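For clarity, every value in this text was computed on a predicted model and none was experimentally measured. By convention in this document, chain letters (A, B, ...) are assigned in the order of the sequence lines, proteins followed by strands, and residues within each chain are numbered from 1.
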Number of protein chains: 2
Amino acid sequence: MELDLRLLRYFVAVAQDLHFGRAAARLHISQPALSVQIRKLEHVLGVEVFRRTSRHVELTPAGQAILAEATRTLAAAERTMAVARSAARGKPGHLTVGFVANAVAELTPVILEEFGRRHPHVDIQMKQFAFADPLAGLGNGDADVAFVRPPLRPDPAIEWCPVLDEGRVLILSERHPLAQYPAVTVEMLINEPFVARRAPDEWRDFWLGVDHRDGHAVRIGAEVSTVDECLEAVLTGQGIAFTQSSSQRYYSRPGLAFVAVKGLSGSTAAVAWRRDAATPLVNEFVTAAQNVCRCHNGAPTQFPLR
Amino acid sequence: MELDLRLLRYFVAVAQDLHFGRAAARLHISQPALSVQIRKLEHVLGVEVFRRTSRHVELTPAGQAILAEATRTLAAAERTMAVARSAARGKPGHLTVGFVANAVAELTPVILEEFGRRHPHVDIQMKQFAFADPLAGLGNGDADVAFVRPPLRPDPAIEWCPVLDEGRVLILSERHPLAQYPAVTVEMLINEPFVARRAPDEWRDFWLGVDHRDGHAVRIGAEVSTVDECLEAVLTGQGIAFTQSSSQRYYSRPGLAFVAVKGLSGSTAAVAWRRDAATPLVNEFVTAAQNVCRCHNGAPTQFPLR
DNA sequence: TGCTATCGATAACCCAAAGTTATTGATGAG
DNA sequence: CTCATCAATAACTTTGGGTTATCGATAGCA
């Protein structure tokens, strides 16, 4: 019996939510089918990857080790498809650019254009990642280069260079009482429910403004994985959230209000890449980004706080 | 329709021998099944990967680009299996060591032992590669580290460090007239048919002793991909061949004779690794190899020429 | 202790698709 | 022009991944 990408996809899905029923739903198959396939995977691999009772599912140590490799394998397959798509469009070169939310805002198209002018034979695929992966695919090879927003977990394999500094603002329903204020302070928000990003701690905390709360715990009104989920939660009044100020121009929509927050630190956007996968094309892309933002003299582009 | 490892395996097989019939035979399926699956792959990828008539099969430019990625994807899958096997044996760590022929001969087990003593939790998988891949899997991630034998095509991503220097000897059937000589010269072999290794030019030529032939063309008696095929060809008298002198101790078998060759340059064996995948484990392995052979002061272990 | 809700495993069945053999049709060689 | 080669097509068989229905184990709770 041979290994098969489907088995890996199923495995990763179950590993993600540790629940056969929900994973099956996400995969658009029935729960028994998923159970059978996971057992088949375990047979093919020769190890039990999950320890499961009728009440609990968890990865075995073997499962954890395998999960990392499975993710890489799936990323490689994804990349194969991407290269094929590029080739189909007559472009021999290919570069996958990961990003989160609105990337580096208005600078994004400028950088792409700058790069495209120098490398017209390269097909660029922009690929968005959810909050759960602030490295925007750099971690497992899903992306060659990425627009990210620190704070990032320190990782010797990842290098980055700031491109854009902007302020952070409050985003809330326009029916929320605070929406009328021209500006607020973090203290005024201490008891407000926040919309939290499902993300690694350092990222989640940064966007909840934990550093500005003087140790006060955060009330969580909703948990979200993507920008749109976040906006949805805010619109329906489940909570408020901080966001980079460029969101006002990218995600403005009826019923949504933005309010300046006094004293709140800003957000930096950066180009990032893997030190061990710095192909010439990646380097060229980073250079293009640096040229555009002129951060090679240490000063990323500054946008007004509001 | 989703991409599937089977399709990639089939694709690579056809790309290798550019012949549907033979590829199908190697894959143990019928030729029509293979044709259908390749067409399916092309549909999934959205590009034609082969240009084919009833007389000729060749990769399209798109196919070439995709082949590289497909190989990497398959290697990643292979690695997933390997890690699973390791985990099944209760070893959380894993290292795949590629090698060609008899690796670094008697030093191999010593190095493995040295490394194993320092890293008992790491499961080492030795993986042999055919002559076609003198980089022993370093090229596409099939191996983390490898025992190779220069000459290698210069590649900035690959670094290596010599471990062992040994002479080269002639290998021939004991019924061959020259088998009686205590030693021969290359001039005496100019008109002898040689067994050639199916390998990149620099490697193939080195093992044919082209540098010692003063420009005389080589008569090719057989083409082989592996050591055993080579010995088989020599035993059946299809040709003679040069080999590292340690072969006398590793591949000695009834009917086979080894003869010293005066003036023939030696062969170096080395540890090699990818600069961009030099994980701590890889570095430790290289260190172990260096410690064992003491080549850190520039002098790889010397074996007597005969 | 026993009831209930939850959730993964098992069973029985169905059907899509990968495989088979037989054949066609195109093409390069002599 | 004929023959041999080789990929594509056709008609079919079979494998196995999917389904629904059901079971059995367990945590929560009165």
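With a cut-off of 3.5 Å on both pairing distances, the Watson-Crick and G-U wobble pairs of DNA chain C assemble into stems of 3 or more at C:1-30 with D:1-30.
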Are B:L27 and B:L34 close enough, and set up right, to give a side-chain contact (heavy atoms from CB on, under 4.5 Å), and what steps lead you there? CA-CA 9 Å; B:L27 294 166; B:L34 184 55; 3.9 Å; yes
List the steps and the verdict of side-chain contact (heavy atoms from CB on, under 4.5 Å) for A:I240 and A:I171. CA-CA 6 Å; A:I240 63 180; A:I171 183 175; over 6 Å; no
Apply salt bridge (Lys or Arg N to Asp or Glu O under 4.0 Å) to A:D142 and A:R79, showing your working. CA-CA 7 Å; A:D142 251 326; A:R79 193 181 164 74; over 6 Å; no
Could you check A:F242 against A:F206 for ring-ring contact (aromatic ring centres under 6.0 Å, His included), going step by step and ending with a plain yes or no? CA-CA 9 Å; A:F242 295 134; A:F206 174 79; 9.2 Å; no
For a side-chain contact (heavy atoms from CB on, under 4.5 Å) check, start with the C-alpha distance between B:F99 and B:K127, then their side-chain angles and the critical distance, and finish with the verdict. CA-CA 6 Å; B:F99 69 101; B:K127 190 164 178 186; 5.5 Å; no
Apply side-chain contact (heavy atoms from CB on, under 4.5 Å) to the pair B:F50 and B:T60, showing each step before the final yes or no. CA-CA 5 Å; B:F50 295 115; B:T60 60; 5.7 Å; no
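The nearest whole Å value for the distance from the CG atom in A:L27 to the P atom in D:dG17 is 15 Å. The separation between B:I29 atom CD1 and C:dG19 atom P is 5 Å, rounded to whole Å. The distance from atom CZ of A:R52 to atom C1' of C:dC7 is 12 Å, rounded to the nearest whole Å. Whole-Å rounding puts the B:R51 CZ to C:dA26 P distance at 19 Å. For the pair A:E58 CD and C:dG8 C1', the computed distance is 15 Å after rounding to whole Å.
Within residues 2-25 of chain B, the residues approached by DNA chain D to less than 4.0 Å at the level of any non-hydrogen atom are B:H19, B:F20, B:G21, in residue-number order. Heavy-atom distances under 4.0 Å link DNA chain D to B:Q31, B:P32, B:S35, B:R39 of residues 30-46 of chain B, given in residue order.
Residues B:E232 and B:Q238 are not in side-chain contact: their nearest non-hydrogen atoms beyond the backbone lie 4.5 Å or more apart.
Listed by chain and residue number, A:P134, A:R153, A:E202 satisfy the side chain to side chain contact (heavy atoms under 4.5 Å, CB included) test with A:P200 (two or more places apart in sequence, or in another chain). For B:D123, the side chain to side chain contact (heavy atoms under 4.5 Å, CB included) partners at least two apart in sequence or on another chain are B:S86, B:R89, B:K91, B:H94.
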Treat primed atoms plus P, OP1 and OP2 as sugar-phosphate and everything else as base, then score nucleotides 25-30 of chain D 5' to 3': B for base contact with protein heavy atoms under 4.0 Å, S for sugar-phosphate contact only, - for none. BBS---
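Of the N and O atoms on the side chains of A:S35 and A:Q31, at least one donor lies less than 3.5 Å from an acceptor on the other residue.
Geometric assessment of B:R198 against the ring of B:F131 yields a negative cation-pi assignment under the 6.0 Å and 45° thresholds.
Distance check: A:L152 CG to A:L135 CG gives 5.5 Å after rounding to the nearest 0.5 Å.
A salt bridge links A:R52 to A:E42: at least one charged side-chain nitrogen sits closer than 4.0 Å to a carboxylate oxygen.
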